[in-house]
Each structure stands twice: as C-alpha cells, then as structure tokens.
Amino acid sequence: MTKNIENIVSFPVNAQRNSFFGALSSILLYRNAYTEETPFFCGKFQRNCIRCGDCGNDPFISKHHLNIYQYLITITGCAYFWTDKEIGSPFDKPYAADEFSETALDRLSLALYASGYRYEAMNKNTEENVLFDRIKQSVGKKQPVLIKLSLGDLWGVITGYNDDKNLPCIMKSRRSPQPDKDWYNKLSSIVFITDKYDSALSLPESLDHMIRHLNTANRNKLEQKIYYKLETETDGKKLGKWLNQLNGLAIETRWHASECYRNTLVTMLDNNKCTELLLKASGLHLHFHDQAWKIWGLLGVSPETFYCLPRNINELLDSSSVRTELKSLFKELFTIDRQVSDLLQECLSLL
C-alpha cells in the first residue's frame with residue numbers, strides 16, 4: 001500500500017540553490033496551509049498583490065514559497081555569507097539567543113523556532129524499522145518530514161511511503177517524490193516537525209542576529225584577502241574560480257535578503273521610520289546584486305557559460321585594469337554590507 005501527502009510544492013522556486021531551506025520551505029508552506037488564494041504582499045509596491053503583471057504573473061503559491069525561503073535564509077544570517085562552509089551539516093545545534101555561531105550551525109533550530117514549530121531530529125543511531133514507523137505516523141498525520149541524505153548538501157522532503165516495500169517517498173530538488181530503496185544507508189539526518197506553538201522570536205531578536213552576521217571578524221579578514229589576492233595571485237584560473245564562488249553565493253543571497261526586508265519584515269512593523277530604514281536596506285542589497293553582476297561580467301561569467309568561468313579567464317585576469325576594477329567592486333560590496341548593518345542597527349534601536 002502506498003500513502004502520500006498531496007499538493008506539496010516542489011523546490012527550488014526561482015533562485016534557490018540551498019536545498020535545506022528549499023525543502024524546509026516546502027514543508028512549512030504545506031503545514032501553514034498556504035494556497036493560491038492566500039493573499040501575497042508585494043514588497044515592490046508595498047501593497048497586497050493585485051496581479052498587475054509586473055513580476056510575470058507567477059502563481060501565488062510559488063511566491064509564498066520564495067517568501068518563506070527568503071525569510072528563513074535571512075533571519076538565520078545565512079543570506080550574509082560569502083562562503084558557507086557548513087552546507088551539508090545536519091544543523092542540529094539548539095538555538096540560544098545569547099550565543100552566536102558565525103557559520104549558523106543552529107539554522108534548523110532557529111528557522112523552526114521563528115516559524116513556530118517544535119521538532120525532533122534523529123539519525124542512524126535509531127534503527128531503520130523504528131524510523132520507518134515514525135515516518136508512517138507523520139505521514140498519517142499529514143506532516144511531511146525533512147530528511148538529509150549522503151554527505152553533501154542533499155536535503156529532501158518525505159511526502160509518503162510504500163508499506164509493501166517499507167520505503168519512504170522522497171521529494172528531492174527538481175524531482176517529484178519517488179520511493180528510495182537506499183534511504184537508510186544514505187541517511188545523515190531526519191527531522192520530524194511536530195506540533196505548533198506560539199513562537200517567542202521577536203523582530204528585534206531577528207535583527208540582532210542578522211546584524212551580528214554582518215559584522216564578523218572573518219568577514220574583515222576575507223575582504224583583505226580578496227584585495228591581496230587580486231594584487232599578488234598570478235594563476236588567473238585559480239583566482240577566477242575562487243572569486244566566482246564568492247560572488248556566486250553572495251549575489252543570490254543578498255537578493256533574498258533584499259526581498260525579505262521589503263516583503264516580510266516590513267509587515268511586522270507599525271513604525272514608519274523603521275519601514276523607511278528597511279526599504280532603504282532593501283535598495284542597497286538590490287544594488288549589491290547589480291554590482292555583483294558587473295563582477296561576473298569582468299570574469300566572463302554569464303548564463304551562457306552556465307555561470308562557470310570561460311576558457312580565456314587567464315587572459316581576462318592578466319589585465320591590471322580588470323583587477324583594479326574587481327577590487328573596486330568588491331570594496332563597494334563590503335561597504336554596502338556595512339551600510340545595511342548600520343540601517344538594521346538604527347531600526348533595532350527604534351523598536
């Protein structure tokens with residue numbers, strides 16, 4: 001017998017490279033009963049969407065998925081990373097307001113705390129048949145399960161099971177749910193999202209967490225390292241690959257942060273000055289996104305190269321003028337992050 005939870009939105013939706021947040025957003029979208037009829041707040045025009053067509057008439061359900069993703073990646077601080085060394089981790093560190101992790105190992109606990117859900121994380125220390133019975137119980141309660149497979153960054157959603165073969169049905173990135181016969185061998189972490197409670201996470205607490213991620217010691221070290229490498233690294237391919245990795249992550253995540261400020265965080269406020277500050281921060285990180293595209297242009301990276309380095313990268317980075325322009329652009333990006341931090345700090349001081 002096969003049993004499935006229907007109408008779970010697959011991921012990614014738009015620019016969502018992080019499968020952890022993508023899978024979790026699919027679960028929360030379902031658990032919070034979003035539908036195509038749920039009103040969507042448009043950050044660009046600061047009003048509920050009237051389907052004006054400016055954004056291409058994307059379905060509301062996809063917009064809500066993206067909103068949840070953007071909110072979670074921003075309030076956990078992951079939207080401010082230049083490198084995310086912890087992608088693939090089970091993220092099982094409990095969230096504590098008086099502690100801070102530069103790598104956001106507590107992103108699971110913080111994301112669910114902010115979303116108002118309790119959870120229980122398990123792994124292969126629990127026997128396969130016990131886990132499968134728990135999966136059946138969750139599916140019976142119409143509670144999709146978050147699962148991480150293998151050692152990489154592969155998170156999925158358990159949407160059902162096949163009782164005859166004792167197999168869970170798993171929705172992975174860009175794929176519809178399928179029975180996975182090797183699920184237990186590949187299992188790294190499994191998260192049962194259980195009952196709902198009134199979240200204690202306030203907007204000031206979120207802002208404080210975000211500000212601290214924008215002001216880490218590692219960030220300043222990285223900035224200086226970029227400038228040094230642009231002045232001294234002779235291997236153009238090696239330098240280009242490193243800069244492309246940094247830029248590729250930041251260009252996407254800062255856009256998510258920008259959208260979060262104007263689509264979600266402003267709706268939590270009744271302070272006009274704070275709204276003004278968040279909208280200004282949104283504009284700055286949109287500009288960050290635009291300037292990062294210029295870095296891609298100097299590196300010869302584009303959709304046509306599938307965002308990979310071109311073959312002539314050594315020739316491109318052999319030019320001192322290109323390196324000087326890259327240094328100037330990266331300096332502007334780090335300055336924008338500091339400016340956004342100041343705006344968020346000013347907003348926090350008013351709450």
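Model, not experiment: these values are computed from the prediction. The figures that follow rest on heavy atoms only: side chains count, while hydrogens, waters and symmetry mates do not.
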Chemist: Could you tell me if the side chain of E99 sits less than 4.5 Å from the side chain of D106, heavy atoms only?
Modeler: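 No; the side chains remain at least 4.5 Å from each other.
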Chemist: Does the side-chain contact (heavy atoms from CB on, under 4.5 Å) test come out yes or no for S341 and Y80, once each step is laid out?
Modeler: CA-CA 10 Å; S341 176; Y80 304 123; over 6 Å; no
Chemist: Establish whether Y30 and I190 are linked, either directly or via other cluster members, by ILVMFWY side-chain heavy-atom contacts under 4.5 Å.
Modeler: yes
Chemist: In this structure, would M268 and I73 fall into the same cluster of hydrophobic residues linked by side-chain contacts under 4.5 Å?
Modeler: yes
Chemist: Kindly indicate whether the side chain of L24, heavy atoms from C-beta on, has any atom under 4.5 Å from the side chain of I68.
Modeler: no
Chemist: Any chance NZ of K331 has more than 12 other-residue heavy atoms, nucleotides or ligands included, within less than 6.0 Å?
Modeler: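 At most 12 heavy atoms, drawn from other residues, nucleotides or ligands, come within 6.0 Å of this atom.
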Chemist: Shortest non-hydrogen contact from S25 to L72?
Modeler: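 Distance-wise, the nearest heavy atoms are OG-CD1, 4.2 Å.
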Chemist: Once side-chain contact (heavy atoms from CB on, under 4.5 Å) is applied, do any residues pair with T76, and if so which ones, sequence neighbours excluded?
Modeler: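 Result, side-chain contact (heavy atoms from CB on, under 4.5 Å) vs T76: F21, C78, R107, L110, A111.
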Chemist: Are any of the side-chain heavy atoms of M210 and I75 separated by less than 4.5 Å?
Modeler: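 With C-beta onward as the side chain, the pair touches.
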Chemist: So, are D163 and K3 salt-bridged, with charged N and O less than 4.0 Å apart?
Modeler: no
Chemist: For residues N18 and T253, determine if any side-chain heavy atom of one lies less than 4.5 Å from a side-chain heavy atom of the other.
Modeler: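 Answer no - side chains too far apart.
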Chemist: Count the heavy atoms of every other residue, nucleotide or ligand shown that sit under 6.0 Å from NZ of K136, and state whether that count exceeds 12.
Modeler: yes
Chemist: Got more than 12 heavy atoms from elsewhere within 6.0 Å of NZ, K238?
Modeler: no
Chemist: Using modelled atom types only, decide if a donor and an acceptor are shared between the side chain of T216 and the backbone of H213 within a distance under 3.5 Å.
Modeler: no
Chemist: Drop me the distance from Q245's CD to L249's CG, to the nearest 0.5 angstrom.
Modeler: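 It comes to 10.0 Å.
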Chemist: Going by atom types alone, do E304 and S302 pair a side-chain donor with an acceptor below 3.5 Å?
Modeler: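 A pair is found: one side chain offers a donor N or O, the other an acceptor, under 3.5 Å apart.
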Chemist: On a heavy-atom basis, which atom in I5 and which in P144 lie closest, and how many Å separate them?
Modeler: CD1-N, 3.7 Å
Chemist: Let me have the donor-acceptor pairs involving side chains of residues 293-300, under 3.5 Å, with sequence neighbours excluded, atom names and distances please.
Modeler:
{"residue": "K294", "atom": "NZ", "partner": "Q291", "partner atom": "OE1", "Å": "3.2"}
{"residue": "W296", "atom": "NE1", "partner": "N244", "partner atom": "OD1", "Å": "2.8"}

Chemist: Any pair with a residue in residues 272-285 that passes salt bridge (charged side-chain N to carboxylate O under 4.0 Å, His left out), sequence neighbours left out, goes on the list, sorted by first then second residue, please.
Modeler: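 Pairs touching residues 272-285 that pass the test: K273-E276.
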Chemist: Grouping I, L, V, M, F, W and Y whenever their side-chain heavy atoms are under 4.5 Å apart, do L286 and I336 come out in a common cluster?
Modeler: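 Different clusters.
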Chemist: Give me the atom names and distance for the closest heavy-atom approach of I170 to G156.
Modeler: CG2-CA, 4.4 Å
Chemist: Does the side chain of W183 come within less than 4.5 Å of I135's, by heavy atoms?
Modeler: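 Yes. Closest side-chain heavy atoms under 4.5 Å.
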Chemist: Give me each pair satisfying ring-ring contact (aromatic ring centres under 6.0 Å, His included) with a member in residues 214-249, each pair once, sequence neighbours excluded.
Modeler: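 Sorted result for residues 214-249: empty, none.
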Chemist: Taking it one step at a time, do V191 and D92 satisfy side-chain contact (heavy atoms from CB on, under 4.5 Å)?
Modeler: CA-CA 10 Å; V191 181; D92 52 6; over 6 Å; no
Chemist: Where is the tightest heavy-atom contact between P168 and I158, given as atom of each residue plus distance?
Modeler: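 Answer, listing the atom of P168 first, then I158: CB-CG2, 4.0 Å.
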Chemist: Transitively linked via ILVMFWY side-chain contacts under 4.5 Å: L222 with I87?
Modeler: no
Chemist: Could you list the cluster mates of F40? Members are the ILVMFWY residues connected by side-chain heavy atoms closer than 4.5 Å, either directly or through other members.
Modeler: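 F60, which link up through side-chain heavy atoms under 4.5 Å apart, make up the rest of the cluster.
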Chemist: Does the T159 side chain pair with the main chain of N4, one donor and one acceptor, at a distance under 3.5 Å?
Modeler: no
Chemist: Kindly say whether E346 contributes a backbone atom to a donor-acceptor pair with the side chain of S349 at under 3.5 angstrom?
Modeler: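 Yes, S349 side chain to E346 backbone: donor-acceptor pair under 3.5 Å.
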Chemist: Suppose we screen for side-chain contact (heavy atoms from CB on, under 4.5 Å). Which residues come up paired with A292, at least two apart in sequence or across chains?
Modeler: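 Per chain and number, A292 pairs via side-chain contact (heavy atoms from CB on, under 4.5 Å) with N247, I251, L333.
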Chemist: Give the minimum heavy-atom separation between L201 and Y71, together with the two atoms involved.
Modeler: CD2-OH, 4.3 Å
Chemist: So which atom in K93 and which in S101 form the shortest heavy-atom distance, rounded to 0.1 Å?
Modeler: NZ-CB, 4.1 Å
Chemist: Which value, rounded to the nearest 0.5 Å, describes the distance between T2 atom OG1 and D164 atom CG?
Modeler: 6.5 Å
Chemist: For R323, check salt bridge (charged side-chain N to carboxylate O under 4.0 Å, His left out) against everything at least two apart and list the hits.
Modeler: none
Chemist: Go through the structure and list residues passing salt bridge (charged side-chain N to carboxylate O under 4.0 Å, His left out) with K44, not counting sequence neighbours.
Modeler: D54
Chemist: Between atom OG of S189 and atom CG of L146, what is the distance when rounded to the nearest 0.5 Å?
Modeler: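 The CG atom of L146 is 7.5 Å from OG of S189, to the nearest 0.5 Å.
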Chemist: With the 4.5 Å side-chain cut-off for hydrophobic clustering, are Y197 and I27 part of the same group?
Modeler: yes
Chemist: Should the heavy atoms of other residues, nucleotides or ligands under 6.0 Å from CG of D182 be counted, would the total exceed 12?
Modeler: yes
Chemist: Given salt bridge (charged side-chain N to carboxylate O under 4.0 Å, His left out), test E223 with R338 step by step and report yes or no.
Modeler: CA-CA 12 Å; E223 181 180 7; R338 286 189 283 269; 3.1 Å; yes
Chemist: Please tabulate, for the side chains in residues 118-127, all donor-acceptor contacts under 3.5 angstrom to protein atoms that are two or more places apart in sequence or on a different chain.
Modeler:
{"residue": "R118", "atom": "NH1", "partner": "D195", "partner atom": "OD2", "Å": "2.9"}
{"residue": "E120", "atom": "OE1", "partner": "R134", "partner atom": "NH1", "Å": "3.0"}
{"residue": "E120", "atom": "OE1", "partner": "R134", "partner atom": "NH2", "Å": "3.1"}
{"residue": "N123", "atom": "OD1", "partner": "N125", "partner atom": "N", "Å": "2.9"}
{"residue": "N123", "atom": "OD1", "partner": "N125", "partner atom": "ND2", "Å": "3.1"}
{"residue": "K124", "atom": "NZ", "partner": "N185", "partner atom": "O", "Å": "3.2"}

Chemist: Measure up the F91 and F20 rings against each other and bin them: parallel (under 30°), tilted (30 to 60°), perpendicular (over 60°).
Modeler: perpendicular
Chemist: Check side-chain contact (heavy atoms from CB on, under 4.5 Å) between N314 and all other residues, then give those that pass, not counting sequence neighbours.
Modeler: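 For N314 the side-chain contact (heavy atoms from CB on, under 4.5 Å) partners, ignoring immediate neighbours, are D235, K237.
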Chemist: List the residues meeting side-chain contact (heavy atoms from CB on, under 4.5 Å) with Q16, not counting sequence neighbours, and say none if there are none.
Modeler: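 side-chain contact (heavy atoms from CB on, under 4.5 Å) list for Q16, sorted by chain: F11, P12, V13, H65, L66, Y69.
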Chemist: Report the C-alpha separation of K327 and E231 in whole Å, then their side-chain angles, then the decisive distance to 0.1 Å, and conclude whether the side-chain contact (heavy atoms from CB on, under 4.5 Å) test is met.
Modeler: CA-CA 9 Å; K327 183 177 180 180; E231 293 170 356; 2.6 Å; yes
Chemist: Under 30°, 30 to 60°, or over 60°: which ring-plane class applies to Y95 and H209, parallel, tilted or perpendicular?
Modeler: perpendicular
Chemist: Looking at W82, is R254 sitting on its ring face, NZ or CZ under 6.0 Å from the six-membered ring centre and within 45 degrees of the normal?
Modeler: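 Satisfied, under 6.0 Å and within 45°.
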Chemist: May I ask you to check whether N166 and Y184 show a side-chain donor-acceptor distance below 3.5 Å?
Modeler: no
Chemist: Within a radius of less than 6.0 Å around CZ of R47, do more than 12 heavy atoms belonging to other residues, nucleotides or ligands occur?
Modeler: yes
Chemist: Please indicate whether Q46 has more than 12 foreign heavy atoms, meaning atoms of other residues, nucleotides or ligands, lying under 6.0 Å from its CD.
Modeler: yes
Chemist: Kindly compute the distance separating CG (L326) from OG (S319), expressed to the nearest 0.5 Å.
Modeler: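 The OG atom of S319 is 9.5 Å from CG of L326, to the nearest 0.5 Å.
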Chemist: Who pairs with E36 by salt bridge (charged side-chain N to carboxylate O under 4.0 Å, His left out), at least two apart in sequence or on another chain?
Modeler: R51
Chemist: Take L265 and C260 through the test side-chain contact (heavy atoms from CB on, under 4.5 Å) and record every step on the way to the result.
Modeler: CA-CA 6 Å; L265 298 189; C260 175; 3.9 Å; yes
